[in-house]
Amino acid sequence: MSDRDPSDDSEDPNAEVQYHIEVGPDDVAETVLLPGNPGRVDKVTALWDDYDEKASHREYRTATGAYDGESLSVTSTGIGSPSAAIAVEELARVGADTFIRVGSCGAIQEGMEVGDLVITSGAVRQEGTSKEYVREDYPAAADHEVVSALVAAADRLGYDYHVGITMSADSFYAGQGRSGFEGFEAAGSDALVDELREANVKNIEMEAASILTIANVYGLRAGAVCAVYANRVTGEFRTEGESRAAECASLAAALLARMDEVKREAGVDRWHAGLSLE
């Protein structure tokens with residue numbers, strides 16, 4: 001006899017439609033793009049062949065459609081890792097198995113321009129959400145197939161991009177080395193960006209580490225592509241590049257679908273350099 005308390009499921013009375021994102025198994029594709037801002041959903045779907053909006057609840061908006069003939073979905077996650085983790089959890093429960101964060105970030109290395117794209121290969125887990133899933137020394141690694149698809153997409157589209165390590169923080173201000181209210185300085189914040197730069201970290205944002213960690217724990221695929229809004233080296237800031245990030249992620253989703261088809265035909269489980277999409 002199970003020791004499980006039925007009240008554990010009391011916040012989710014419907015076994016199919018998810019409590020927070022309000023979608024069911026027939027509402028989403030296997031690959032889901034994850035922007036933070038709900039308003040960015042419209043900018044993503046504007047690039048698609050067609051789409052239908054499936055749900056809108058709290059910070060979570062979901063639409064499903066097609067890009068370049070391949071099915072995909074988009075769900076906004078709001079700001080930060082706690083809400084992003086909820087989205088990944090509930091999307092996985094209704095059948096999604098591949099997640100691509102589509103966000104914005106601050107670049108901290110020389111030669112990274114506002115509007116460039118940053119494709120995450122792995123992430124520094126400075127956020128707290130992933131620590132509630134697994135020990136702190138567990139790596140937040142992006143799936144190599146997703147990274148490959150994002151790089152191929154950015155290259156095909158002719159967009160300037162960088163690949164490397166991302167740092168995910170829980171705070172936009174103190175946690176990213178910025179001054180807080182009335183000039184408040186968190187302990188160590190004055191050295192934070194310099195230390196990350198010396199370690200060859202490319203950019204700072206707030207969701208990638210939790211998305212990557214949770215996906216790995218569950219055996220799912222995940223990656224991230226972010227547009228550079230802020231250059232922390234020069235102090236420049238512009239909201240530029242989000243459509244490029246959305247198009248790169250959408251094309252990557254289509255390429256992943258084709259990669260999966262080639263794998264099935266070749267009888268292999270993982271994509272590798274010996275396979276071709278041509």
Side-chain angles (χ1 to χ4, degrees), residues 16-18 21-57 59-77 84 87-88 90-104 117 119 142-159 161 207 211 215 220-227 241-266 271 275-278:
E16 290 192 348
V17 175
Q18 297 300 299
I21 62 176
E22 292 191 345
V23 298
D26 296 328
D27 293 326
V28 298
E30 292 180 354
T31 298
V32 185
L33 309 189
L34 301 175
N37 184 354
R40 198 173 289 153
V41 170
D42 294 326
K43 296 183 179 182
V44 172
T45 55
L47 301 166
W48 293 1
D49 306 331
D50 56 64
Y51 72 94
D52 291 313
E53 185 154 343
K54 299 296 185 179
S56 182
H57 182 231
E59 61 265 55
Y60 305 106
R61 285 184 65 199
T62 298
T64 295
Y67 178 89
D68 201 18
E70 302 291 348
S71 297
L72 74 169
S73 295
V74 56
T75 297
S76 58
T77 65
V88 172
E90 297 189 358
L91 287 164
R93 296 178 191 198
V94 296
D97 63 16
T98 301
F99 304 93
I100 304 177
R101 163 155 161 71
V102 185
S104 58
L117 302 182
I119 297 168
D143 182 89
H144 82 90
E145 294 181 348
V146 179
V147 173
S148 295
L150 286 167
V151 169
D155 192 62
R156 290 188 182 193
L157 293 166
Y159 295 152
Y161 66 92
E207 291 85 16
I211 293 170
L220 307 172
R221 296 189 298 195
V225 57
C226 290
E242 63 181 354
S243 290
R244 288 192 283 276
E247 188 173 15
C248 180
S250 297
L251 178 53
L255 292 174
L256 282 165
R258 295 170 197 168
M259 289 162 68
D260 290 342
E261 183 178 353
V262 172
K263 287 189 298 183
R264 286 191 293 270
E265 292 173 352
W271 177 264
L275 301 175
S276 173
L277 291 177
E278 301 302 330

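Throughout, residue positions are numbered sequentially from 1 according to the sequence presented. Only this structure's heavy atoms are used, side chains among them; waters, hydrogens and symmetry mates stay out.
- Counting heavy atoms from C-beta on, the side chains of Y51 and V44 never come closer than 4.5 Å.
- One N or O on the side chain of E145 and one on the backbone of W271 form a donor-acceptor pair closer than 3.5 Å.
- Of all the heavy atoms in L72 and A253, the pair that sits closest is CD1-CB, 3.8 Å.
- In this structure D97 satisfies the salt bridge (charged side-chain N to carboxylate O under 4.0 Å, His left out) test with no other residue, sequence neighbours excluded.
- Side-chain atoms of D49 never come within 3.5 Å of backbone atoms of G65 as a donor-acceptor pair (strictly under, hydrogens ignored).
- Nearest heavy atoms, W48 versus S250: NE1-OG, 3.1 Å.
- Once rounded to the nearest 0.5 Å, the distance linking CG of D68 with CG of L251 reads 6.5 Å.
- Qualifying side chain to side chain contact (heavy atoms under 4.5 Å, CB included) partners for A257, counting only residues two or more places apart in sequence or in other chains: E70.
- Not counting sequence neighbours, D155 has no partner by the salt bridge (charged side-chain N to carboxylate O under 4.0 Å, His left out) test.
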Atom pairs and distances, side-chain donor-acceptor, residues 27-37, under 3.5 Å, sequence neighbours left out:
unit_1: D27; atom_1: OD2; unit_2: G24; atom_2: N; d: 2.7
unit_1: N37; atom_1: OD1; unit_2: G39; atom_2: N; d: 2.9

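- Considering every non-hydrogen atom in both A254 and Y67, the closest pair reads CB-O, 3.9 Å.
- Scanning for salt bridge (charged side-chain N to carboxylate O under 4.0 Å, His left out) contacts around E261 gives an empty result, with sequence neighbours left out.
- Taking all atoms of both residues into account, the shortest heavy-atom contact from S56 to E22 is O-OE1, 4.3 Å.
- Residues passing the side-chain hydrogen bond (donor to acceptor under 3.5 Å, both in side chains) test with E90 are H20, sequence neighbours excluded.
- For the side-chain hydrogen bond (donor to acceptor under 3.5 Å, both in side chains) with R61, the qualifying choice from D42, T45, T77, T75 is D42, the only one to do so.
- Summarising the geometry of Y161 relative to I119, their closest heavy-atom pair is CD1-CD1, 4.0 Å, with the distance given to 0.1 Å.
- A 4.5 Å side-chain heavy-atom check between T64 and S71 finds every atom pair outside the cut-off.
- The salt bridge (charged side-chain N to carboxylate O under 4.0 Å, His left out) test applied to E242 returns R40, K43, not counting sequence neighbours.
- Contacts of A222 classified as side chain to side chain contact (heavy atoms under 4.5 Å, CB included), with partners at least two apart in sequence or in another chain: F99, I211, L212, A215.
- Among residues two or more places apart in sequence or in another chain, the side-chain hydrogen bond (donor to acceptor under 3.5 Å, both in side chains) test is passed with S76 by none.
- Residues meeting the side-chain hydrogen bond (donor to acceptor under 3.5 Å, both in side chains) test with H57, sequence neighbours left out: none.
- Listed by chain and residue number, L117, L157, R244, E247 satisfy the side chain to side chain contact (heavy atoms under 4.5 Å, CB included) test with Y159 (two or more places apart in sequence, or in another chain).
- Contact between A87 and I21 at its shortest, heavy atoms only, is CA-CG2, 4.3 Å.
- Using a 4.5 Å heavy-atom cutoff, the side chains of C248 and L150 are in contact.
- In this view, A149 and A252, L255, L256, M259 satisfy the side chain to side chain contact (heavy atoms under 4.5 Å, CB included) rule, not counting sequence neighbours.
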